Structure formats: structure tokens, C-alpha cells
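On a predicted model such as this, the values are computed, not experimentally measured, just so you know.
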Amino acid sequence: MVGIANGISRRNLRQGTPWPPLENLRILAAGTKVEPPGATFGPRRQFCWEFIWVREGSLTARINEVTVEGTPGTVLLIPPRVIDVYDWSRHARTSHSFMHFDFEPPLHGWPAPPSWPLQRQLRQTHAFLALFEHLINVVLDSEPLAGALALPSVELMLRLYLLEATDYAVADASLPQAVELCLVYARRYIAESPAEPLTLGRLAKATHLSPQHLCRVFKSSLGLRPMEVVRLLRIDHSVTYLERTQLQVKEIAHQCGFANAFHYSKVFRAAFEMSPSDYRKAFRRGHVVRTISPVLRSLAAQRILIDEAGVADYIDAAQAINPAP
């Protein structure tokens, strides 16, 4: 990794465009998420820089007044202080890797940040994606190496992104086809008829499996029974209301198919370790809360690391300077 960084640096020097190291570079969160069909996130006020790499599926992102469509290989670079909203694929799950980072301006010798591209479409063999994969594994798995490699890797990723340099390989993750089909069907059913019951028999019929076989497939791949997944999908659906509406918790519970606000709050707390009201308050303060879809929490691909104290301190300081609207 040092060799790659030195090679980029030498090339820039030969071209007469040296880019000095970033000042006070820091990583605030990094990992990989899997979003079920129809998932949403935002709107929120972005508090730092963020890379978002669409690994499978698709998204529609709105960054202030700009709308961006993302497909596998799309990498977004989201600047701080924008309002961003994300709508993931309605028909299939979407997985993406992300990294929140920041540094100290000004950037003498670098291109001006307002000129930085919001979106790039990269080949699967692009060096940026290999470095992104490497960084996530280093940060999550190897504490001694993380300090030595993480920050130089982030800086190199930013240089590669701005320079459009080339080629390496990446990994992938998958679920059994029956589970994928069932998630799509259940998510669509809940989106269209959220207050209506959804039975195991209906799920089995939609996937052309017996109820017993469907239960076995779900248990082996997600560690959950199908009806547990339905309950968590209802929770996922309810989060959009918490983030995007002023509806009371009891109204959200009714609209998302829960018997009452008590039952809804109990299931929500089990999934997110906080009440719906606390989730809404934390989200509006800008805290990273919905890091993993409760439906897909057990997937090996969903590997997240967040420095929660660092993120909270950074957001508090940023909001003191730039209060949210």
C-alpha cells in the first residue's frame, strides 16, 4: 500500500502537480450495508465527506437540488452541509459500502472541492474499489494495522477518485433465490397494503415452496423465521415515516400494521435498541442510527464500524458552527 501511494505521488510530481498530505484527516465511520427492497434514508444534513459505493442493486439519490441514479460500480462523493435523500431499489436488495471522513481545509495544491465530481461510474477492476474493500477489511479486522493503513488509504482513495486512475478486483455477497424473492414480495406487499396481514401461507405461495421448506431456507440464511422477517420489514417501512413525516408514533404503528403503539415500540426497540421517538430525535440531530437493516443484520456482508463517540462529538461541534435548518 505504501508502494501504491508513493507511485501516485511520484507521477504527480513528474506532472508538476504535487498534492500535499491532507491536514487532520479522520475516519468517522466505515462499513458495508445491505438494504432490503424499497428501503429509504433521509433527508438528513450531511455533516462530513462520505464515499458511497453501490455494489449491487440501485439507488436514486438527491443531493440538494441534484438527482443522481446509481447502479453497481457507481461511487458517490457527498460533500458536507448538503441535504441528501436516498431511495434504494424497490424491486431488489441493494448493497453498498460507505465511509464518512473529514479533513482540515484549506487544500493548497489540490483541485477546489466545489469542482470535485459528485459521481463516478467505475469498472469492477478499478483500483479505487479494491482499495475501498481493503480499507473496510483493515479497519474492521485489524486494529494494529488500522492506524498505520487506514488514513493513508483514505487519502489515496480520494486521489484516485479525483484522478480517475485504474484497475483491481472486488468481492460480492448473495442470498438464496427463494429468500431474495420472498423479501421483494413481502416488501412490496407491505408498501402497498401496510395495514393488511401477511401470512406464511401467502409467502410460501409467492415463492413456490412449502411453508416448512421456506422456514428452513430463511433460518439457514438469515437466522430468522419468515414471519419474523415480515415484522422487521414493517419496522423498516415505519422508519421512513419517522424520518420524513411529523406523524405521531401511534399513527405510524397503525399505518404499518402493528396492533398498537406499545407493540410497535417494543419491536422497534428490539431492532434498534431505542424507542421510535428517540430514533427520530437522534436522526434529526444527525447521528448515525440506521446503520444496518434489522432484516439483514445477520449477513456477513453487513460489517460496520462506527466511532460513535467521535461521530457524536464531531456532529455537536459542527452543529454549533452550522446549525441545521
Exercise for the section: Say whether Gln46 and Glu50, considering side chains only, have a donor N or O and an acceptor N or O under 3.5 Å apart. Expected result: yes
Exercise for the section: For Phe218 and Glu228, run side-chain contact (heavy atoms from CB on, under 4.5 Å): C-alpha distance rounded to whole Å, both residues' side-chain angles, the deciding distance at 0.1 Å, then the answer. Expected result: CA-CA 10 Å; Phe218 263 76; Glu228 291 176 306; over 6 Å; no
Handout entry: Close side-chain approach of Gln121 and His126, heavy atoms under 4.5 Å
Key = no
Exercise for the section: For the residue pair Leu156 and Tyr161, establish whether any side-chain heavy-atom pair is separated by less than 4.5 Å. Expected result: no
Handout entry: Short side-chain donor-acceptor distance under 3.5 Å, Ser89 and Thr94
Key = no
Practice task
State, with a plain yes or no, whether a side-chain heavy atom of Leu28 is found less than 4.5 Å away from one of Phe101.
Solution key: no
Problem - Check: Glu196 side chain, Ser193 main-chain N or O, donor-acceptor pair, under 3.5 Å - result: no
Handout entry: Residues in salt bridge (charged side-chain N to carboxylate O under 4.0 Å, His left out) contact with Asp87, at least two apart in sequence or another chain
Key = Arg62, Arg244
Problem - Cation over ring face, Lys266 and Phe258, 6.0 Å, 45° - result: no
Handout entry: Thr199 side, atom OG1; Lys205 side, atom NZ - distance, nearest 0.5 Å
Key = 10.0 Å
Exercise for the section: Would you tell me whether Thr71 and Ser58 have side-chain atoms, one donor and one acceptor, within less than 3.5 Å of each other? Expected result: no
Exercise for the section: May I have the step-by-step check of side-chain contact (heavy atoms from CB on, under 4.5 Å) for Arg55 and Glu133, ending in yes or no? Expected result: CA-CA 11 Å; Arg55 304 177 68 122; Glu133 183 80 15; 2.8 Å; yes
Problem - Closest non-hydrogen atom pair, Ser210 against Ala204 - result: C-CB, 4.1 Å
Fill in the blank from the handout: For Asn260 and Ala253 the tightest heavy-atom approach is O-CB, 3.9 Å
Handout entry: Ion pair check, Asp84 and Arg45, cut-off under 4.0 Å
Key = no
Practice task
Sequence neighbours left out, what passes ring pair (Phe, Tyr, Trp, His ring centres under 6.0 Å) with His237? Give chain and number order.
Solution key: Tyr241
Practice task
Answer yes or no: is there an ion pair linking Arg187 with Glu192, defined by an N-O contact shorter than 4.0 Å?
Solution key: no
Problem - Test item: Ser221 side-chain N/O and Val217 main-chain N/O as donor-acceptor pair under 3.5 Å - result: yes
Fill in the blank from the handout: OG (Ser277) and CD (Gln248) are apart, to the nearest 0.5 Å, by 9.5 Å
Problem - Side chains of Pro36 and Val229 in contact at under 4.5 Å (non-hydrogen atoms) - result: no
Practice task
Over 60° means perpendicular and under 30° means parallel, so classify the ring planes of Phe103 and Trp116, tilted if in between.
Solution key: tilted
Handout entry: In one Ile/Leu/Val/Met/Phe/Trp/Tyr side-chain cluster, 4.5 Å: Ile78, Phe41
Key = yes
Exercise for the section: Give a yes or no on whether the ring-centroid distance for Phe47 and His100 is below 6.0 angstrom. Expected result: yes
Problem - Ser95 vs Lys33, side-chain contact (heavy atoms from CB on, under 4.5 Å): CA-CA, chis, key distance, verdict - result: CA-CA 6 Å; Ser95 67; Lys33 293 175 60 180; over 6 Å; no
Problem - Cluster link Val184 to Met227, ILVMFWY, side chain under 4.5 Å - result: no
Problem - Greater than 12 external heavy atoms within 6.0 Å of Arg90's CZ - result: no
Problem - Evaluation steps, side-chain contact (heavy atoms from CB on, under 4.5 Å), between Leu162 and Trp19 - result: CA-CA 12 Å; Leu162 298 180; Trp19 295 6; 4.0 Å; yes
Completion exercise
Rounded to the nearest 0.5 Å, the CG atom of Leu76 sits from the CD1 atom of Ile63 at a distance of 6.5 Å
Problem - Glu23, CD atom: more than 12 neighbouring heavy atoms under 6.0 Å - result: no
Handout entry: Thr207-Tyr185 side chain donor-acceptor pair, cut-off 3.5 Å
Key = no
Practice task
Flag yes if Leu160 and Leu151 sit in one hydrophobic cluster, no otherwise; membership is Ile, Leu, Val, Met, Phe, Trp, Tyr, and two members link when side-chain heavy atoms are under 4.5 Å apart.
Solution key: yes
Exercise for the section: Measure the shortest side-chain to side-chain distance between Gln177 and Glu180 over non-hydrogen atoms and say whether it is less than 4.5 angstrom. Expected result: no
Problem - SG on Cys256 to CG on Leu233, rounded to 0.5 Å - result: 11.5 Å
Fill in the blank from the handout: Result for side chain to side chain contact (heavy atoms under 4.5 Å, CB included) between Leu118 and one of Val82, Val68, Leu77, Asn64 points to Val68
Practice task
Look only at the side chain of Gln119 and the backbone of Val75, and say whether a donor-acceptor pair between them is shorter than 3.5 Å.
Solution key: no
Handout entry: Donor-acceptor pair between Glu69 and Thr60 side chains, under 3.5 angstrom
Key = yes
Handout entry: Close side-chain approach of Arg234 to Tyr264, heavy-atom, < 4.5 Å
Key = no
Exercise for the section: Kindly compute the distance separating CZ (Phe272) from CG (Leu232), expressed to the nearest 0.5 Å. Expected result: 9.0 Å
Practice task
Please answer: with hydrophobic residues joined when any side-chain heavy atoms are less than 4.5 Å apart, are Val154 and Leu107 in the same cluster?
Solution key: yes
Completion exercise
Which of Trp53, Trp88, Phe132 passes ring pair (Phe, Tyr, Trp, His ring centres under 6.0 Å) with His96? Answer is Trp88
Practice task
Could you check if a side-chain atom of Ser293 sits within less than 4.5 angstrom of a side-chain atom of Val34, using non-hydrogen atoms only?
Solution key: no
Exercise for the section: Can you see which heavy atom on Cys215 is nearest to which on Leu200, and at what distance? Expected result: SG-CD2, 4.0 Å
Handout entry: Non-hydrogen side-chain atoms of Phe283 and Val239 separated by less than 4.5 Å
Key = no
Practice task
Compare every heavy atom of Leu242 with every heavy atom of Arg280, then report the nearest pair and how far apart it is.
Solution key: NE-O, 3.0 Å
Problem - Glu104, CD atom: more than 12 neighbouring heavy atoms under 6.0 Å - result: yes
Exercise for the section: Give a yes-or-no answer on whether the side chains of Thr74 and Arg120 include a donor-acceptor pair shorter than 3.5 Å. Expected result: no
Handout entry: Presence of salt bridge, Arg93 and Glu35, under 4.0 angstrom
Key = no
Handout entry: Interatomic spacing from NZ in Lys219 to CG in Leu222 - rounded to 0.5 Å
Key = 10.5 Å
Practice task
Evaluate the criterion side chain to side chain donor-acceptor pair (under 3.5 Å) for residue pair Ser265 and Ser275; output intermediate values, then yes/no.
Solution key: CA-CA 6 Å; Ser265 296; Ser275 71; over 6 Å; no
Handout entry: Smallest separation among heavy atoms of Pro20 and Trp110, with atom names
Key = O-NE1, 2.8 Å
Completion exercise
Only residue of Glu243, Arg269, Arg284 satisfying side-chain hydrogen bond (donor to acceptor under 3.5 Å, both in side chains) with Tyr279 is Glu243
Exercise for the section: Give the cluster check for Leu296 versus Leu181: same hydrophobic cluster or not, with ILVMFWY residues linked at side-chain heavy-atom distances below 4.5 Å. Expected result: no
